[in-house]
2 protein chains.
Amino acid sequence: MPDRPRRIPEATVARLPLYYRALVEMAEQRTPTVSSERLAEMAGVNAAKVRKDFSYLGSYGTRGVGYDVEYLLFQISRELGLTQDWPVVIVGIGNLGAALANYRGFSARGFRIVALVDADPAKCGKEVGGLVVEPLADLPRIVAERDVAIGIIATPAAAAQEVAGLLVSAGVTSVLNFAPTVIAVPPGVSLRKVDLSIELQILSFYQQRRDEAAEGRRVAFGGLT
Amino acid sequence: MPDRPRRIPEATVARLPLYYRALVEMAEQRTPTVSSERLAEMAGVNAAKVRKDFSYLGSYGTRGVGYDVEYLLFQISRELGLTQDWPVVIVGIGNLGAALANYRGFSARGFRIVALVDADPAKCGKEVGGLVVEPLADLPRIVAERDVAIGIIATPAAAAQEVAGLLVSAGVTSVLNFAPTVIAVPPGVSLRKVDLSIELQILSFYQQRRDEAAEGRRVAFGGLT
DNA sequence: CCGACCTTGTGACCAAATTCTCAAACTCCC
DNA sequence: GGGAGTTTGAGAATTTGGTCACAAGGTCGG
Ligand SMILES: NC(=O)c1ccc[n+]([C@@H]2O[C@H](COP(=O)([O-])OP(=O)(O)OC[C@H]3O[C@@H](n4cnc5c(N)ncnc54)[C@H](O)[C@@H]3O)[C@@H](O)[C@H]2O)c1
Ligand SMILES: NC(=O)c1ccc[n+]([C@@H]2O[C@H](COP(=O)([O-])OP(=O)(O)OC[C@H]3O[C@@H](n4cnc5c(N)ncnc54)[C@H](O)[C@@H]3O)[C@@H](O)[C@H]2O)c1
């Protein structure tokens, strides 16, 4: 009865887009099949992981040959929901929101920005990336009429939780948050976050470790260079 | 002899910035101490994880009381290398690069953007976010003179690997890549990536799962709504 | 100084993710 | 058709991360 008994591990889901990207590239250059080894190299992971990941989706490979690029691409697209396109709304059209609105790379992957929303009356009516910025008050109507499922929050941190609430009330069930703050959403709503400062801080941690290690060696060897 | 026997798990390192953020907030409102429970709530994790994470750093809490906000903040800052400030160069001053250059939130955390670099001669000489865009050819000099350790790649994907190579040759040992492509760096160089399309694709995966489940229920119950 | 109460720090346990390994299944060439 | 060479798929082992549970160590009022 369970047509889809396969629960796909989170870590695998997070890698599917990498494989997707690699496969699009292979398809563009008309490569008919690809081995887990080659795919691993392109996606920056190791071959055993590629095979294990695909095994959660089903047995789509052929032993001694590899994977059919077109077929695998289709299976992964389907799994990721990229065979349909997703209307997206961006809330907060400042520096970052405008950059996102101007980015042409999303539509290539099936994400269509259908609305830009800002609380600042001075911004509303302005055109950004081919769309007119609309007032926050219209969010419920916009989400309902344009069937928006995904919302991107690019407001200051102080407004993020409130905006998330408005998005969810309006009917959005997937949220991507760029504001550097923790926000809560009800169960049944997906939330992901991107925090650039955190990425830099993680780099800083390892950078400092290396610097200290280098300093340690310099002192230990009494080197004056 | 091992002054720092503590190897801090990667997952813990990735959470330290969350605690850091929460602690800064507590410090601002002059809260003297905080419990792991409260901190967990603010960082969006659970209390046991907070305590375990801190236990890798050392025993900085007081039983029955909690953690001294100022002291813990200092320890985490030190661990993350935020007691010094890090000069950062951004390569590729397009939509995204310009948004990053204009962002005031980095300096608050000890990251100082000291140079903007672009390959396009038309962009060089222009001012963005208070800095003048400089030519790619000057990268080695810029990195050396301004002691840059961290580089941000915001160029198109096709240029990312080449730029990474230039950054590393110039002496950068931490790289943050925004281009949607896998790049390789030599051992001893840290690399992190942020790919917004991937985040959307992950949301799309779970969104689709929910939609299918809803559809399944609708059909199963023969509901006409 | 005692006892009620609170909160940390950590060992034990459990879950998830990764890696190793190799039989099975395929191609290709002679 | 058979044998050499590839490459998958998946069980087993290992590593890493997360959660639980509670003793140990502290506060505080009386
Ligand atoms: N710009 C960057 O490169 C960058 C980098 C890292 C993080 N961020 C984060 O992204 C978010 C946006 O950054 P930014 O630089 O674009 O800021 P910004 O100040 O340029 O833009 C914020 C926009 O949000 C709008 N806004 C404010 N409150 C709102 C509300 N309640 N509803 C709707 N819109 C509202 C403002 O009118 C403004 O247009 C911030 O949280 C910031 O910390 C930005
Ligand atoms: N804009 C966004 O919101 C967004 C979102 C997701 C991902 N990205 C990714 O971020 C990157 C930048 O996006 P963007 O929208 O800013 O693109 P963009 O085209 O606006 O800017 C790219 C900049 O890089 C410069 N450049 C090109 N080759 C270079 C080289 N070899 N060395 C130095 N500079 C070079 C160009 O002159 C240009 O100024 C892209 O890889 C894009 O896929 C952007």
Side-chain angles (χ1 to χ4, degrees), chain A residues 5-19 22-23 26 31-73 75-76 79 182 198 202 205-206, chain B residues 4-19 22-23 26 31-76 79 182 198 202 205-206:
Chain A
R6 33 201 166 118
R7 209 194 55 80
I8 301 181
E10 255 184 80
T12 294
V13 172
R15 278 187 299 266
L16 290 181
L18 292 176
Y19 304 140
L23 286 165
M26 305 260 20
T31 313
T33 64
V34 64
S35 67
S36 56
E37 187 122 16
R38 177 85 185 90
L39 208 42
E41 192 192 332
M42 296 183 71
V45 300
N46 83 22
K49 197 144 48 175
V50 170
R51 293 200 296 274
K52 181 68 77 190
D53 283 343
F54 290 169
S55 79
Y56 294 118
L57 309 183
S59 289
Y60 296 143
T62 309
R63 294 172 187 207
V65 179
Y67 299 89
D68 181 280
V69 171
E70 290 287 353
Y71 184 61
L72 185 57
L73 188 53
Q75 293 299 342
I76 291 182
E79 207 66 62
V182 171
I198 286 185
I202 295 171
F205 174 90
Y206 291 108
Chain B
R4 288 263 198 95
R6 37 206 162 114
R7 207 195 57 80
I8 301 181
E10 255 184 80
T12 295
V13 173
R15 279 188 298 267
L16 291 181
L18 292 175
Y19 304 140
L23 286 165
M26 305 261 15
T31 313
T33 64
V34 64
S35 67
S36 56
E37 188 122 17
R38 177 87 186 88
L39 208 41
E41 193 192 332
M42 295 183 72
V45 300
N46 82 25
K49 198 144 48 177
V50 170
R51 292 199 297 273
K52 178 125 289 186
D53 283 343
F54 290 170
S55 79
Y56 294 118
L57 309 184
S59 290
Y60 296 144
T62 309
R63 298 172 187 210
V65 178
Y67 299 89
D68 182 280
V69 171
E70 290 287 351
Y71 183 61
L72 185 57
L73 188 53
F74 171 73
Q75 293 299 342
I76 290 182
E79 206 66 62
V182 172
I198 287 185
I202 295 171
F205 174 90
Y206 291 107

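Numbers restart at 1 for each chain; the letters A, B, ... are given by sequence-line order, proteins then strands.
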Tell me what [X] touches on the nucleic acid: a base, only sugar-phosphate, or nothing, going by heavy atoms under 4.0 Å.
| X | answer |
| --- | --- |
| A:Ser36 | sugar-phosphate |
| A:Arg38 | nothing |
| A:Glu37 | nothing |

Checklist line | Residue pair A:Phe54, A:Tyr60: steps toward the ring-ring contact (aromatic ring centres under 6.0 Å, His included) verdict | finding: CA-CA 7 Å; A:Phe54 290 169; A:Tyr60 296 143; 8.2 Å; no
Check: Where along residues 39-58 of chain B does a heavy atom come under 4.0 Å from DNA chain C, residue by residue in number order?
Finding: B:Arg51, B:Lys52, B:Ser55
Taking all non-hydrogen atoms of both residues, which atom of [X] and which atom of [Y] are closest, and how far apart?
| X | Y | answer |
| --- | --- | --- |
| A:Leu39 | A:Ala22 | CD1-CB, 3.8 Å |
| B:Val34 | B:Met26 | CG2-SD, 3.8 Å |
| B:Leu23 | B:Val69 | O-CG1, 3.8 Å |
| A:Leu18 | A:Ala43 | CD1-O, 3.9 Å |

Once you round to the nearest 0.5 Å, how far does [atom1] of [X] lie from [atom2] of [Y]?
| X | Y | atom1 | atom2 | answer |
| --- | --- | --- | --- | --- |
| B:Glu70 | B:Thr31 | CD | OG1 | 10.0 Å |
| B:Asn46 | B:Glu37 | CG | CD | 9.5 Å |
| A:Tyr206 | B:Ile8 | OH | CD1 | 8.5 Å |

Margin query: Are the side chains of A:Leu57 and A:Glu79 in contact, using a 4.5 Å heavy-atom criterion?
Written below: yes
Notebook entry, point to check: Going by heavy atoms in the side chains, are B:Thr62 and B:Asp68 under 4.5 Å from each other?
Noted result: no
Notebook entry, point to check: Which residues satisfy the side chain to side chain donor-acceptor pair (under 3.5 Å) test with B:Arg51, sequence neighbours excluded?
Noted result: B:Ser36
Name each donor-acceptor pair under 3.5 Å that joins a side chain in residues 9-17 of chain A to protein atoms two or more places apart or in another chain, with its distance.
unit_1	atom_1	unit_2	atom_2	d
A:Thr12	OG1	A:Asp53	OD1	2.7
A:Arg15	NE	A:Asp53	OD2	2.7
A:Arg15	NH2	A:Asp53	OD1	3.0
A:Arg15	NH2	A:Asp53	OD2	3.3

Check: Could you walk me through whether B:Leu72 and B:Tyr19 pass the side-chain contact (heavy atoms from CB on, under 4.5 Å) check?
Finding: CA-CA 10 Å; B:Leu72 185 57; B:Tyr19 304 140; over 6 Å; no
Output one line per pair: protein atom, nucleotide atom from nucleotides 24-27 of chain D, and distance, for all N/O pairs under 3.5 Å.
unit_1	atom_1	unit_2	atom_2	d
D:dA24	N3	B:Arg63	NH1	2.7
D:dG25	N2	B:Gly64	N	3.3

Note to self: So if I take the C1' atoms of five pairs at each end of the helix from C:dC1-D:dG30 to C:dC30-D:dG1 and get each local axis, what angle do the two axes make, rounded to 10 degrees?
What the structure shows: 10°
Item checked: Start and end of chain A contact along DNA chain C [non-hydrogen atoms, under 4.0 Å] -> C:dA17 to C:dT27
